[in-house]
Protein chains: 2
Amino acid sequence: MAESPRSIARLSLYRRLPAELQAEDPEADSVYSHELARRAGVSPAQVRRDIMALGYSGTPNTGYQVEALTASIAAHIDPATPQQLALVGVGNLGTALLQYFRGRQSKLHMAATFDTDPEKVGRTIAGCRCHPVSAIGEVVPAEGITVGIITVPAPHAQETADRLVQAGVGGLLNFAPLHLRVPDQVYVEHMDIAIRLETVAFFALRGRQSPRG
Amino acid sequence: MAESPRSIARLSLYRRLPAELQAEDPEADSVYSHELARRAGVSPAQVRRDIMALGYSGTPNTGYQVEALTASIAAHIDPATPQQLALVGVGNLGTALLQYFRGRQSKLHMAATFDTDPEKVGRTIAGCRCHPVSAIGEVVPAEGITVGIITVPAPHAQETADRLVQAGVGGLLNFAPLHLRVPDQVYVEHMDIAIRLETVAFFALRGRQSPRG
DNA sequence: AGATGTGAAATTCTTCACAGCG
DNA sequence: CGCTGTGAAGAATTTCACATCT
């Protein structure tokens, strides 16, 4: 089973490569591991192993059928039914993310946003109703929300996470610059921009090759 | 030498933990590996090994002196002289990032922004002058910029990266949802929000424990 | 020939466990 | 004692290399 976060992230990446491919060559209905590898920035062996884990097989000398491959990836990583998201903290970054995902067709649906600012509460921002943070406990279960996106200032991030977890979400995407403490069964991805920027700056001066994917 | 991207990222994280710590207990001038570990979400052994690589040593039974530790981390990961950054793509996300880093004191300085929109070019956004993208080749060397942040739409991300690399940057922080192809000596961090969100959504339904970091 | 699928090797990263110090 | 520093073990991940298929 390729069920590590790394492999899931790579599969998610592979999935959108056929679109790139077909933008260049609309005829193409199959693709080699080394072509996917080149576009994904990983090794061909890595691609083959990830795809192997899907249970899908390509054909030697021909590669992978893009349609079948895409379907296999979707079957593996997409939820059976659409999954609901919530975003907490409708500031600059939160709004940018809402715009970013606005209209993106996907199995992930932005169901609600939350903020403490009375100016924002009650309004609809980027097509999404803004609730007061105090309503998390009510709205999250009511909407069946399973994932929370945290874009509040650092001092409020942990309490926001606590509320979301308490309300039942199973995963968090955290943009606040601190490590969230959550129960073991809750999955967190930390999008720590400051840390990543410092890491880039470090290696920018030292000429090290980038890591995977 | 703990010079992997992972270890650099962790050091960057450890560095801001003393501030958290001292906010709770202003008296504290030393800290144990297990305390740092708890706050960073890693194991105590990992903390000790990362710090070992700095050349700094704590004292048994007392832990690490926060001031000396912070200084050691800074000496290891900060540039000797301030490093200049550029951001390309002053849209919602780009502006949010500019605001986010506005006023943050650091060895990293936002020296220029670039956009193609004539409405934005020439203006000062979040305290930073906006140049036309066509000026990258001129401004980047002139300002000594070493890191580029890419927040342009996906279709323009690769050409943006090419321009920045051509102009001499050594590292890129990419927010566009695709893998950038750059020469080996250029370091890239991919902040692929869509992929990370899909990964969270996947594990939110499966209750897997988060990875470290 | 030139792909894929995959056991096995290699590599990288993390944890264990304990000596030694304060 | 309870901590740090660290060699060695262990896990996780990636790559190799080649049998196999078209």
Side-chain angles (χ1 to χ4, degrees), chain A residues 1-14 17 21 28-66 68-69 72-73 76 179 184 199 203 208-213, chain B residues 1-11 13-14 17-18 21 28-66 68-69 72-73 76 179 184 199 203 208-213:
Chain A
M1 289 283 186
E3 303 268 299
S4 76
R6 292 278 193 86
S7 66
I8 297 299
R10 284 194 302 267
L11 287 170
S12 172
L13 174 54
Y14 301 158
L17 299 182
L21 190 78
D29 63 346
S30 68
V31 59
Y32 300 132
S33 63
H34 61 76
E35 178 65 14
L36 292 173
R38 193 177 61 85
R39 292 177 187 272
V42 303
S43 73
Q46 181 80 82
V47 169
R48 295 203 298 276
R49 195 163 285 281
D50 287 334
I51 290 175
M52 180 175 66
L54 297 176
Y56 170 75
S57 279
T59 44
N61 234 340
T62 304
Y64 303 96
Q65 297 303 117
V66 292
L69 174 60
S72 286
I73 295 176
H76 198 253
H179 176 88
D184 277 358
T199 305
F203 289 109
R208 159 156 183 160
Q209 192 173 351
S210 316
R212 41 77 231 220
Chain B
M1 289 280 188
E3 302 269 299
S4 74
R6 293 277 194 86
S7 67
I8 298 298
R10 284 193 302 267
L11 287 170
L13 174 54
Y14 302 158
L17 300 182
L21 191 78
D29 63 346
S30 68
V31 60
Y32 300 132
S33 64
H34 63 76
E35 178 65 14
L36 292 173
R38 193 178 62 83
R39 292 177 187 272
V42 303
S43 73
Q46 181 80 82
V47 169
R48 294 203 298 276
R49 195 163 285 281
D50 287 334
I51 290 176
M52 180 174 65
L54 296 175
Y56 169 75
S57 280
T59 44
N61 232 339
T62 304
Y64 303 97
Q65 297 303 115
V66 291
L69 174 60
S72 286
I73 296 175
H76 198 252
H179 177 87
D184 275 359
T199 305
F203 290 109
R208 160 157 181 156
Q209 191 173 352
S210 316
R212 303 314 183 134

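What you see is a predicted model; the values in this text were computed from it and never measured. Within every chain, numbering begins at 1; the chains are lettered A, B, ... in the order of the sequence lines, protein sequences first and strands thereafter.
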Under the side-chain hydrogen bond (donor to acceptor under 3.5 Å, both in side chains) rule, collect the residues that match up with A/Ser12, sequence neighbours excluded.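 A/Ser12: side-chain hydrogen bond (donor to acceptor under 3.5 Å, both in side chains) contacts with B/Glu198.
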Can you measure [X] atom [atom1] to [N] atom [atom2] for me and round it to whole angstrom units?
X	N	atom1	atom2	result
B/Arg10	C/dT15	CZ	C1'	12 Å
B/Glu3	C/dC13	CD	P	12 Å
B/Leu69	D/dC3	CG	P	17 Å
A/Glu35	C/dG2	CD	C1'	16 Å
A/Asp50	D/dT15	CG	P	10 Å
A/Gln46	D/dA12	CD	P	16 Å
A/Arg6	C/dT11	CZ	P	18 Å

A/Tyr14 side chain to A/Ala9 main-chain N or O, any donor-acceptor pair under 3.5 Å?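 Such a contact is absent between A/Tyr14 side chain and A/Ala9 backbone.
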Donor-acceptor contact below 3.5 Å, side chain B/Tyr56 vs main chain B/Gln65: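 Yes, B/Tyr56 side chain to B/Gln65 backbone: donor-acceptor pair under 3.5 Å.
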Side-chain heavy atoms of A/Leu21 within contact of A/Arg39, under 4.5 Å: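 The answer is yes; the side chains approach within 4.5 Å.
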Measure the shortest side-chain to side-chain distance between A/Phe203 and A/Gln209 over non-hydrogen atoms and say whether it is less than 4.5 angstrom.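 No, every pair of side-chain atoms sits at 4.5 Å or beyond.
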Residue-phosphate contact under 4.0 Å: B/Ser43 side-chain N/O, C/dT14 OP1/OP2: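 It does not, given that no N or O in the side chain of B/Ser43 lies less than 4.0 Å from OP1 or OP2 of C/dT14.
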With A/Pro60 via side chain to side chain contact (heavy atoms under 4.5 Å, CB included) - residues at least two apart: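 Testing A/Pro60 for side chain to side chain contact (heavy atoms under 4.5 Å, CB included), a comparison that skips the adjacent residues, returns none.
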What does the list of N/O pairs under 3.5 Å between the protein and nucleotides 4-7 of chain C look like, with a distance for each?
from  : atom 1 : to      : atom 2 : distance (Å)
C/dT4 : OP1    : A/Ser33 : N      : 2.7
C/dT4 : OP1    : A/Ser33 : OG     : 3.4
C/dT4 : OP2    : A/Ser33 : OG     : 2.7
C/dG5 : OP1    : A/Ser57 : OG     : 2.9
C/dG5 : OP1    : A/Gly58 : N      : 2.8
C/dG5 : OP2    : A/Tyr64 : OH     : 3.0
C/dG5 : N7     : A/Arg48 : NE     : 3.0
C/dG5 : O6     : A/Arg48 : NH2    : 3.0
C/dG7 : N7     : A/Arg49 : NH2    : 3.2
C/dG7 : O6     : A/Arg49 : NH2    : 2.6

